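See structure below.
Since we're looking at a predicted model, the values are computed, not measured.
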Amino acid sequence: MILSATYLALFLSAFGAATLLPLQSEAVLVGMLFSGMHPVWTLLTVATVGNVLGSVVNWVLGRYVERWRDRRWFPVRPERLAKAQADYHRYGRWSLLLSWMPIIGDPLTVVAGVMREPLWSFVLICTIAKAGRYVALATVSLQVLS
């Protein structure tokens, strides 16, 4: 039971961190790695799946956000949205390899939805980016433990 709750906590922190919420999952993952109580690949898988699914939420928001772009309460000015769309169009889907980065990664996944990036390519590229980040973090963290 405690083991399931631990993995759920990691999943939820990774999921929330990938949405537009100001959360972080790295500290949770590192803490669990340092505990030595969990298989590394299980932790990496749980964190990656949670983070990618959180990005899918952003993608879905992006798919439907434009219908409200002319509303006064819309959170992004039309010029900024147009610039984000132009940048995404310029750099293409491979810019999603930066989806792991703080500050720019989450909005980038929303823009991918706005730009109608196919879900299969979105999930594939985001998974590569986010798994790569977690693998790098785990590698560095485990080196510190050694």
Spacing of E26 atom CD and S141 atom OG [to the nearest 0.5 Å]: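 The OG atom of S141 is 10.0 Å from CD of E26, to the nearest 0.5 Å.
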Got a second to check how far L98's CG is from T109's OG1, nearest 0.5 Å?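 L98 CG to T109 OG1: 12.0 Å, rounded to 0.5 Å.
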Closest heavy-atom contact between [X] and [Y]?
| X | Y | answer |
| --- | --- | --- |
| S25 | Y134 | OG-OH, 2.6 Å |
| T48 | A131 | OG1-CA, 3.6 Å |
| W100 | A129 | CB-O, 3.9 Å |
| Y88 | M115 | CD2-CG, 3.4 Å |

Note, [X] side chain near [Y] side chain (heavy atom, < 4.5 Å):
| X | Y | value |
| --- | --- | --- |
| L10 | H38 | no |
| Y7 | L43 | yes |
| I125 | S99 | no |
| D106 | T19 | no |
| W120 | P118 | yes |
| L23 | F15 | no |
| F11 | L53 | yes |
| P102 | Q24 | no |

Check the surroundings of atom CZ in F34: do more than 12 heavy atoms from other residues, nucleotides or ligands lie under 6.0 Å from it?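 More than 12 within 6.0 Å, yes.
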For the hydrophobic clusters of this structure (ILVMFWY residues joined by side-chain heavy atoms under 4.5 Å, transitively), does one cluster hold both [X] and [Y]?
| X | Y | result |
| --- | --- | --- |
| L96 | V60 | yes |
| M101 | V52 | yes |
| L8 | L21 | no |
| V49 | V135 | yes |

Go through M37 and T6 one step at a time and tell me if the side chain to side chain contact (heavy atoms under 4.5 Å, CB included) criterion holds. CA-CA 10 Å; M37 297 172 46; T6 304; over 6 Å; no
So, the side chain of [X] versus the backbone of [Y]: is there a donor-acceptor pair under 3.5 Å, distance only?
| X | Y | result |
| --- | --- | --- |
| W94 | Y91 | no |
| W59 | V123 | no |
| N58 | A18 | yes |
| R116 | R63 | yes |

